[in-house]
2 protein chains.
Amino acid sequence: MSAPEVIPLQPAFYNPQARLCAECRVRRFALFGALDEAALEHIHGQIAEIRLAPGESLYRMQQAGQAAYTVRSGVVRLERTNERGERRILRLAGRSDTVGMEAMLGQSYAADAVACTEVMVCRLPRHLLDELTRDQPALLRDMMKRWQRALDDADEWLTELCTGPARRRVLRLLLKLSEFAEHDEEPVWLPARQEMSAMLDMTVETASRLISQLKREGVLTAHGQRSATLHMDALLQTLRDENLDAGA
Amino acid sequence: MSAPEVIPLQPAFYNPQARLCAECRVRRFALFGALDEAALEHIHGQIAEIRLAPGESLYRMQQAGQAAYTVRSGVVRLERTNERGERRILRLAGRSDTVGMEAMLGQSYAADAVACTEVMVCRLPRHLLDELTRDQPALLRDMMKRWQRALDDADEWLTELCTGPARRRVLRLLLKLSEFAEHDEEPVWLPARQEMSAMLDMTVETASRLISQLKREGVLTAHGQRSATLHMDALLQTLRDENLDAGA
DNA sequence: CGCACAGTTGAGACTCATCAAACCACGTGG
DNA sequence: CCACGTGGTTTGATGAGTCTCAACTGTGCG
């Protein structure tokens with residue numbers, strides 16, 4: 001539950017980090033795609049890699065943010081606690097998503113960021129943006145694309161997971177979870193029922209009932225508590241049926 | 001319902017436009033806050049002011065966008081139509097909000113933008129961003145702040161209007177509508193029941209019932225079909241009661 | 001005046017929340 | 001190793017909230 005805002009960088013990491021940044025570029029993970037070798041050399045020293053266990057928080061709402069974070073692996077949830085103490089999960093961030101960009105603008109964080117699974121992130125310090133503004137204006141376009149991506153994700157979250165009956169919302173959540181799988185046909189992270197309820201605005205009981213029902217229907221198979229295999233053909237077919245039902 | 005993507009600028013508007021941009025700056029409407037007089041002179045010629053009647057659309061989803069738009073007055077809704085033909089309103093934009101920024105990045109629009117009331121917008125052409133990148137990198141920070149604002153709005157919309165029972169969602173919508181009023185204590189724009197249902201994910205009947213009920217309770221008074229006076233003290237008190245009920 | 005369409009209201013069906021109890025997974029200590 | 005406690009999950013019974021279908025009313029416009 002600690003917030004490792006500043007992590008002492010192991011000397012041994014300096015070299016691997018340069019390699020990681022280069023890999024990011026190769027894989028079009030985007031932010032530094034336009035950087036040349038020299039600029040990359042200059043920047044990679046400022047970027048730290050951080051590991052979080054499930055439940056650990058990356059930052060908290062209203063903290064004066066010092067960095068944004070790009071997710072390298074795992075799933076991070078962005079959530080808010082309203083005046084009545086209820087949590088609401090705003091959206092999830094997976095590999096190559098960036099969270100906490102508001103820190104780059106000198107603003108405090110707009111939500112809590114908490115690891116759902118084991119997570120690796122790269123820390124992008126606030127002053128990086130200032131340097132980029134000065135030296136590499138072209139990079140700012142990549143930054144802006146990240147903001148736009150976050151906005152697209154938010155809009156999609158709202159239209160997919162905040163609309164329609166509970167069963168359809170659960171099905172769409174499963175579909176979204178499949179996007180976070182490392183490889184196709186691999187087990188996906190299965191959120192706790194309480195997390196589901198905070199994502200889909202329903203009670204834990206309803207989430208539990210629907211997941212159990214979908215297990216019986218053969219849409220998913222659980223392996224342990226926090227992992228499941230999705231049977232994508234069944235899932236997609238069920239989702240289609242669901243959409244037709246309401247249309248008829 | 002037309003999309004006035006390119007509007008022939010009346011010669012008589014060139015001078016007033018310069019004045020308008022200057023006013024924007026004075027009122028901290030932000031985007032060009034950092035511009036000096038000369039840069040302002042250079043830019044204002046590229047900015048056109050557009051007027052829309054209620055129901056007219058500013059742009060449509062998937063169009064190859066050529067411009068972003070800053071709302072000068074009135075209310076614009078961002079909405080999507082899903083695969084089943086149902087509309088979902090993502091959020092509202094009012095004075096000083098900017099919509100369609102994805103066009104600045106060469107992307108197509110991510111949603112439809114439709115005027116809810118009579119609307120005045122300023123058109124910011126796509127090439128403006130390129131010029132700013134080249135000549136005034138400091139301005140890009142203002143652009144990024146606009147993206148962040150849109151993201152904050154999206155997050156707030158989700159937590160306020162997509163959570164809890166129907167009555168609370170309607171109350172919070174009324175509260176949000178009060179933010180779009182030109183002056184305090186002025187009549188606000190009252191959405192059609194169908195618009196409310198698309199904003200709050202409920203049926204028109206439920207929206208109608210709740211609005212009628214709130215009229216009887218003295219929370220609002222309608223003037224004609226599309227306008228109402230909100231009695232803020234009653235509204236805020238009702239909202240407080242609502243929050244306590246569920247907590248007890 | 002009368003048509004078309006938005007808004008309102010009612011009755012019944014269905015979904016989902018609430019409350020309660022049982023079940024299960026996991027870690028702790030005997 | 002098992003007993004046990006804790007907290008998450010599942011399931012059931014019941015009621016509140018919301019949707020559906022339908023009728024009626026109000027508003028604006030030709």
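A, B, ... follow the sequence lines: proteins, then strands. Residue 1 opens every chain.
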Check whether any side-chain N or O of [X] sits under 4.0 Å from OP1 or OP2 of [N], and answer yes or no.
X        : N      : answer
B:Arg193 : C:dC5  : no
A:Thr206 : C:dC16 : no
A:Thr203 : C:dC16 : no
A:Ser212 : D:dT9  : no
B:Arg226 : C:dG7  : yes
B:Ser208 : C:dT8  : yes

Tell me if a side-chain donor or acceptor on B:Arg123 pairs with a main-chain N or O of B:Glu49 at a distance below 3.5 Å. no
Rounding to an integer number of Å, can you tell me how far [X] [atom1] sits from [N] [atom2]?
X        : N      : atom1 : atom2 : result
B:Met202 : C:dC16 : CE    : C1'   : 15 Å
B:Glu86  : D:dC19 : CD    : P     : 12 Å
B:Leu200 : D:dC19 : CG    : P     : 11 Å
B:Leu190 : C:dG7  : CG    : C1'   : 11 Å
A:His223 : C:dA25 : NE2   : P     : 15 Å
A:Leu214 : D:dT10 : CG    : C1'   : 14 Å
B:Glu205 : D:dA23 : CD    : C1'   : 12 Å
A:Leu210 : C:dT15 : CG    : P     : 11 Å

Under a 4.0 Å N-O cut-off, is there an ion pair linking [X] with [Y]?
X        : Y        : value
A:Glu118 : A:Arg51  : yes
B:Arg172 : A:Glu83  : yes
B:Arg87  : B:Asp112 : no

Within the structure shown, what part of the strands sits under 4.0 Å from A:Arg216 by heavy-atom distance: base, sugar-phosphate, or nothing?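 Answer is sugar-phosphate: A:Arg216 comes under 4.0 Å of backbone atoms only.
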Indicate, with a heavy-atom threshold strictly under 4.0 Å, whether B:Arg167 touches base, sugar-phosphate, or nothing. nothing
Which donor-acceptor pairs under 3.5 Å do the side chains of residues 198-205 of chain A make with protein atoms, sequence neighbours left out?
| residue | atom | partner | partner atom | Å |
| --- | --- | --- | --- | --- |
| A:Asp201 | OD2 | B:Gly164 | N | 3.3 |
| A:Thr203 | OG1 | A:Thr206 | N | 3.2 |
| A:Thr203 | OG1 | A:Thr206 | OG1 | 3.0 |

To the side chain of A:Gln225, which of D:dG28, C:dC26, D:dT11 is closest? C:dC26
Can you say whether a donor on the side chain of B:Arg209 sits under 3.5 Å from an acceptor on the base of C:dG10, or the other way round? yes
